Amino acid sequence: MSLKSSIHSQNLPKHIAIIMDGNGRWAKEKGFLRVFGHENGTKSVSTTVESCAELGIENLTLYAFSTENWNRPKLEVKTLMQLLISSLKKEMNNLQKNSIRLNAIGNLEHLPERVRKELLHVIDKTKNNTHMTLTLALSYGSRDELVNATKQICDKVKNNIISVENI
Ligand code: FPP
């Protein structure tokens, strides 16, 4: 029995979130540079996205680049940003073909201009797709998210939009 035929379509989760990890270690183990692992990681992303769409998963979230990842060597960050742009360009047709809407979370304003531009372009082009939502978490961090949420709540209390009791 194939793996796909053993999956019960009624029992599938509505949302799958994946933390991308191990690209660098995988490449090092094979005697290659870490960036080779990232290049291959993009191929796994492509297969995962298509497979999830085929199975009928409604939401797929990929944690692709954390706030901490900005501390990596400059060349690695640059390669990751380039891979992001080329993947977005390459995947556009597949997203349209499979009616996948692209979404992004994180501090997108920290991304280099050319990355943000390509990202927003694909988000806009795919905004009416309905089969699956693919969310990329970019420049994203849980600590950062908590700090931002707390700031927003403080702001609303300060401006009498919500009361402390209603937090
Ligand atoms: C985790 O491996 C992977 C990353 C931090 C970056 C992944 C991002 C890309 C491949 C860019 C393209 C993204 C998309 C969504 C198309 P790691 O470097 O943490 O590996 P390690 O745990 O072995 O150090």
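When a ligand or atom number is given, it counts from 1 through the structure's own listing order. All of these numbers come straight from a predicted model, not from anything done at the bench.
Residues Leu119 and Leu88 meet the side-chain proximity criterion, which asks for heavy atoms closer than 4.5 Å. Counting only heavy atoms from C-beta outward, the side chains of Glu50 and Asn94 approach each other to under 4.5 Å.
Contacts between Leu88 and ligand 1 below 4.0 angstrom, taking non-hydrogen atoms only, are absent altogether. With a heavy-atom cut-off of 4.0 Å, Arg34 touches ligand 1 through its side chain alone.
For the pair Asp144 (side chain) and Tyr140 (backbone), a donor-acceptor distance under 3.5 Å is absent. Using a distance-only test at 3.5 Å, with no hydrogens or angles considered, no donor-acceptor pair links the side chain of Asp155 to the main chain of Gln152.
The closest heavy-atom contact to atom 9 (C) of ligand 1, among the options Leu83, Leu62, Thr79, Leu80, comes from Leu80.
Considering only non-hydrogen protein atoms, atom 1 (C) of ligand 1 sits nearest to Met20 O, 3.1 Å. Distance from atom 5 (C) of ligand 1 to its nearest protein heavy atom, with residue and atom name: Asn69 OD1, 3.4 Å. In this structure, atom 10 (C) of ligand 1 lies nearest to the protein heavy atom His38 O, 3.5 Å. Closest protein heavy atom to atom 13 (C) of ligand 1: Leu84 CD1, 3.7 Å.
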Inset, instruction - Report the C-alpha separation of Ser66 and Asn69 in whole Å, then their side-chain angles, then the decisive distance to 0.1 Å, and conclude whether the side chain to side chain contact (heavy atoms under 4.5 Å, CB included) test is met. - result: CA-CA 5 Å; Ser66 70; Asn69 287 155; 3.3 Å; yes
Inset, instruction - Report the C-alpha separation of Ile167 and Lys156 in whole Å, then their side-chain angles, then the decisive distance to 0.1 Å, and conclude whether the side chain to side chain contact (heavy atoms under 4.5 Å, CB included) test is met. - result: CA-CA 10 Å; Ile167 293 172; Lys156 284 188 175 159; over 6 Å; no
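Residue Arg25 places at least one N or O, backbone or side chain, under 3.5 Å from an N or O of ligand 1. The shortest N/O to N/O separation between Ala64 and ligand 1 does not fall below 3.5 Å. Considering backbone and side-chain atoms together, Asn23 places an N or O closer than 3.5 Å to an N or O of ligand 1. In terms of polar-atom proximity, defined here as any N/O pair under 3.5 Å, Ser87 makes no such contact with ligand 1.
Distance CG/Asn148 to CG/Asn107: 6.0 Å, rounded to 0.5 Å. Rounded to the nearest 0.5 Å, atoms CD1 (Ile123) and CG (Leu95) are 11.0 Å apart. The structure places CD of Glu76 at 14.0 Å from NZ of Lys78, a figure rounded to the nearest 0.5 Å.
Ligand 1 is approached by Arg72 to a heavy-atom distance shorter than 4.0 Å. Within the structure, the closest approach of Gly41 to ligand 1 does not fall below 4.0 Å when heavy atoms are considered.
Within the listing of ligand 1, atoms 10 (C), 12 (C) sit less than 4.0 angstrom from a heavy atom of Thr42. Close approach of ligand 1 to Leu136 is summarised as follows: ligand atoms under 4.0 Å from at least one heavy atom of the residue are 15 (C).
Within 6.0 Å of CG on Leu55 lie more than 12 heavy atoms contributed by other residues, nucleotides or ligands.
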